[in-house]
Amino acid sequence: MDKTQYKGVYVFVEQREGVIQNVALELLNKARELAGTLNEKVCAILCGYNVSAMAQEVIAYGADIVLCVDAPELEHYVTEPYVQAVAKILKDRKPSVVLIGATTIGRDLGPRLSARMETGLTADCTALAVSDDGDLLMTRPAFGGNLMATIICKEHRPQMSTVRPGVMRMGTKDTNRTGDVERVEINFDSSRFKVKILETVKEQKDKIDITEAKILVSGGRGVGNVETFKLLDELAKTINAEISSSRAMVDAGLVSHDRQVGQTGKTVRPDVYFALGISGAIQHLAGMEESDYIIAINKDKYAPIFQVADLGIVGDVKQIVPLLTARLKK
Ligand SMILES: Cc1cc2nc3c(=O)[nH]c(=O)nc-3n(C[C@H](O)[C@H](O)[C@H](O)COP(=O)(O)OP(=O)(O)OC[C@H]3O[C@@H](n4cnc5c(N)ncnc54)[C@H](O)[C@@H]3O)c2cc1C
């Protein structure tokens, strides 16, 4: 395989009902950095129906070229039409790198695409860089999160990677950036469309998305039971924060899974993260260590959480949290 034929860092820009998902903007920022090192262009793939107007937004966040597939077949996400559209682009354009958000859609699309392109895909990457040889270094947790493995796709192109929302940092929007928008026509093979959407039933949720919260009050096993967890609610209310937790509390049924932080939960990056009665297992750290300011309270002064904390308080959460809340109320 002649690697020099493959050029460009491509990002699949996921949109839902006309709203570009944050993960796509985060990936565009990362793609800019990688493309800068490789001296290549950032190319966005924007699929959907009536989505062309979004191209400018994609350019403002870092794309040099937007390949827009605007077709009724792509109105709602269904695997086969999306795979046909994106695979056609990848076959025709021969990118070197393809980045996809590790959302429910990306996790479905990515593997199918990599199989059709006969290349590898590294899922849930936490870091991406370029080697001296120009290969993509894709780092992700391995062996239950106890090791970080850096994977290289040496023999095949494109090099494909999925990245979870919140892992990469979003760039600033620059409305003065310019780029090219190309409309791509796809001759869909509808004989391969085996799935039809008959109805969309939206989950009723008043839940918040912890990845959007500015302050998170996160509780772990050290918080104990429902009664003591109320202390955390009180603190969160006082400082306008949201509650999140370690997996231990989710497993104990005290907190719903959508509030779990970590490798098998969500990756968060709030301004302030309170880690209360959380030991700081590597799988938890993977989801929160990029927070701007980490305040940890733990009665064990050797708890690993203190290694990532900006402010560490050794003590009992049951005593300290009410005092903290009372002081903050004042
Ligand atoms: C494949 C895999 C994926 C995983 N994914 C995740 C994940 O996404 N998120 C996640 O969180 N975990 C995950 N885990 C589990 C993880 O390994 C830990 O078991 C978990 O994070 C521990 O939660 P914890 O810190 O609340 O509990 P513990 O590790 O039991 O820690 C409790 C802490 O509270 C302190 N403490 C006790 N009482 C008090 C008190 N009164 N006051 C102050 N401190 C007190 C203790 O000193 C201790 O440090 C995963 C594990 C595996 C194998």
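Remember, it's 1-based here, ligands and their atoms both numbered in the order they're listed.
- Of the N or O atoms in G265, one or more lie within a sub-3.5 Å distance of an N or O in ligand 1.
- Remark: minimum distance from atom 46 (C) of ligand 1 to any protein heavy atom is reached at N298 OD1, 3.5 Å.
- Between A44 and V58, the closest heavy-atom pair is CB-CG1, 3.3 Å.
- The part of A281 lying near ligand 1 is the side chain, judged by heavy-atom distances below 4.0 Å.
- Applying the 4.0 Å criterion to heavy atoms of K318 picks out, from ligand 1, the atoms 41 (N).
- When hydrogens are left out, the protein atom nearest atom 44 (N) of ligand 1 is K299 N, 3.1 Å; that is the closest non-hydrogen contact.
- Remark: ligand 1 atoms within the under-4.0 Å shell around heavy atoms of G220 are 26 (O).
- Counting protein heavy atoms only, atom 7 (C) of ligand 1 is closest to Q260 NE2, 3.1 Å.
- Looking at ligand 1, you'll find an N or O of V261 within less than 3.5 Å of one of its N or O atoms.
- For the residue pair D108/Y82, the side-chain donor-acceptor check at 3.5 Å is not satisfied.
- E17 has a carboxylate O that lies under 4.0 Å from a charged side-chain N of K202, or vice versa, which qualifies the two as a salt bridge.
- Within the 3.5 Å criterion, the main-chain N or O of I65 finds no donor-acceptor partner in the side chain of D180.
- Exactly one of V321, I320, D316 qualifies for a side chain to side chain contact (heavy atoms under 4.5 Å, CB included) with K318. That residue is D316.
- Protein heavy atom at the shortest distance from atom 17 (O) of ligand 1 is Q283 OE1, 2.8 Å.
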Review point. Would K266 and D258 satisfy salt bridge (charged side-chain N to carboxylate O under 4.0 Å, His left out), going step by step from the backbone distance to the final call?
Key: CA-CA 8 Å; K266 291 193 172 147; D258 60 322; 5.2 Å; no
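- A donor-acceptor contact under 3.5 angstrom links the side chains of T150 and T139, judged on distance only.
- By the criterion of a heavy-atom distance under 4.0 Å, neither the backbone nor the side chain of M249 is placed next to ligand 1.
- Atom NZ of K3 is surrounded by more than 12 heavy atoms from other residues, nucleotides or ligands within 6.0 Å.
- Between R192 and Q84, the shortest heavy-atom contact is CB-NE2, 3.8 Å.
- For ligand 1 and T264, the ligand atoms under 4.0 Å from any heavy atom of the residue are 3 (C), 4 (C), 5 (N), 6 (C), 7 (C), 8 (O).
- Remark: minimum distance from atom 33 (C) of ligand 1 to any protein heavy atom is reached at G277 O, 3.4 Å.
- Of all protein heavy atoms, the one lying nearest to atom 12 (N) of ligand 1 is R247 CB, 3.3 Å.
- Regarding atom 19 (O) of ligand 1, its nearest protein heavy-atom neighbour is R221 NH2, 4.5 Å.
- Under a 4.0 angstrom heavy-atom cut-off, G315 registers as being in contact with ligand 1.
- Here I282 has no heavy atoms under 4.0 Å from ligand 1, in either its backbone or its side chain.
- Summary of contacts: the protein heavy atom closest to atom 41 (N) of ligand 1 is D316 OD1, 2.8 Å.
- Residue V97 is grouped with residue V11 when hydrophobic side chains (ILVMFWY) are merged at heavy-atom distances under 4.5 angstrom, including chains of intermediate members.
- In summary, the atoms of ligand 1 found under 4.0 Å from a heavy atom of G262, numbered by their order in the structure, are 7 (C), 8 (O), 9 (N).
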Check your understanding: Checking salt bridge (charged side-chain N to carboxylate O under 4.0 Å, His left out) for the pair K329/E234: CA distance, chi angles, key distance, verdict?
Key -> CA-CA 10 Å; K329 271 187 182 159; E234 195 59 29; 2.7 Å; yes
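- Residue-to-ligand polar distances place V317 within reach of ligand 1: an N/O pair is separated by less than 3.5 Å.
- For the pair D135 (side chain) and K154 (backbone), a donor-acceptor distance under 3.5 Å is absent.
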